[in-house]
Amino acid sequence: MLPGAPPDDEELGARIRALRTERGMSLRALAGELRISPSALSQMERGKMRPSVTRLFQIVSILEVPLAAAFGEDVPEPEEQVAPGEVVVTRAGEVPAISLGHGVEYRRLTAVPIPGVEIYESTYPPGSSSSQDGEYLRHNGHELGSVLSGTLTLDLGFDRYELGPGDSIRFPSTTPHRVRNTGDVPAVAVWVNLP
């Protein structure tokens, strides 16, 4: 893979498999935790099927790794962290994006993961959703999101929020949630996930 090139389906699947095996979890055990068939998880791990945003968050949550691990990155050890006051510039194309189910794309906005915070730009094509079959996501932490362009619909518990350019939202990630683009143009947002 070229530096900055998005991982292909096989590469993303291989990362998921490696994370699972590093934690000593069987395919059946992880599939059971995800409430999907071992065959479906196997297809993801072989790059034959893309996980949805919801499914990828469920996988990293169960495996207790940051989302950055799906990009092939580990959270740096304290001695590897960026020093306070140090300037780090990330050029376009230097950090890969991950294409997920429904064509949703996630791109990390930092070249080096920052411990305790994950910052991503997400692009939702028209008609796309963060989940398959209307499924809601729940995980630990808090989320903050700000829409840059287009419109996103956030279903949060029993409430629905329509967010347009400049709108932002903050909520506990333990509240069941899903994101959808019901509009006619791509929607772009920045998401911050805090543990």
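Throughout, residue positions are numbered sequentially from 1 according to the sequence presented.
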[atom1] of [X] to [atom2] of [Y]: how many Å apart, nearest 0.5 Å?
X: S42; Y: L27; atom1: OG; atom2: CG; value: 5.5 Å
X: S130; Y: R55; atom1: OG; atom2: CZ; value: 11.5 Å
X: L19; Y: I62; atom1: CG; atom2: CD1; value: 12.5 Å
X: T175; Y: H139; atom1: OG1; atom2: NE2; value: 10.0 Å
X: L56; Y: S131; atom1: CG; atom2: OG; value: 13.5 Å

Min side-chain heavy-atom separation [X]-[Y] under 4.5 Å:
X: Y120; Y: R107; value: no
X: L100; Y: S52; value: no
X: V192; Y: E118; value: no
X: Q58; Y: E33; value: no
X: Y161; Y: T153; value: no
X: V179; Y: S128; value: no
X: E143; Y: R170; value: no
X: I36; Y: M44; value: yes

Let's go through V147 and V188 carefully: what are the C-alpha distance in whole Å and the side-chain angles of both, what is the deciding distance for side chain to side chain contact (heavy atoms under 4.5 Å, CB included) to 0.1 Å, and is it a yes or a no? CA-CA 6 Å; V147 175; V188 179; over 6 Å; no
Is there a donor in the side chain of [X] and an acceptor in the side chain of [Y], or the other way round, less than 3.5 Å apart?
X: T54; Y: E135; value: no
X: R17; Y: T21; value: no
X: Q43; Y: R46; value: no

Can you see which heavy atom on [X] is nearest to which on [Y], and at what distance?
X: S129; Y: Y124; value: C-CE2, 4.0 Å
X: R138; Y: T174; value: NE-O, 3.2 Å
X: G183; Y: P126; value: O-CB, 3.4 Å
X: S173; Y: N140; value: CB-O, 3.7 Å
X: T151; Y: N181; value: O-OD1, 3.4 Å
X: G150; Y: V185; value: CA-CG2, 4.2 Å

Charged N to carboxylate O below 4.0 Å: is that the case for R20 and E45?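 The answer is yes: the pair qualifies as a salt bridge.
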Does R108 come within less than 4.0 Å of E121, counting only side-chain N to carboxylate O?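 No, R108 and E121 are not salt-bridged.
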Strictly distance-based, threshold 3.5 Å: is any side-chain N or O of R160 a donor or acceptor partner for the main-chain N or O of L156?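 Not confirmed, R160 side chain does not pair with L156 backbone.
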Between I169 and L144, does a side chain to side chain contact (heavy atoms under 4.5 Å, CB included) hold up when you go through it step by step? CA-CA 6 Å; I169 191 166; L144 299 93; over 6 Å; no
Derivation of the side chain to side chain contact (heavy atoms under 4.5 Å, CB included) call for T123 and V104: CA-CA 6 Å; T123 302; V104 176; over 6 Å; no
Verify side chain to side chain contact (heavy atoms under 4.5 Å, CB included) between Y106 and V53, making sure each step is shown before the conclusion. CA-CA 9 Å; Y106 261 64; V53 174; 3.7 Å; yes
Hey, would you say the H177 and Y136 ring centroids sit under 6.0 Å apart?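 Aromatic pair excluded; centres sit 6.0 Å or further apart.
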Test side-chain contact (heavy atoms from CB on, under 4.5 Å) applied to P51 and L41, I98, I16, L34, the passing residue: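 Result for side-chain contact (heavy atoms from CB on, under 4.5 Å) with P51: I16.
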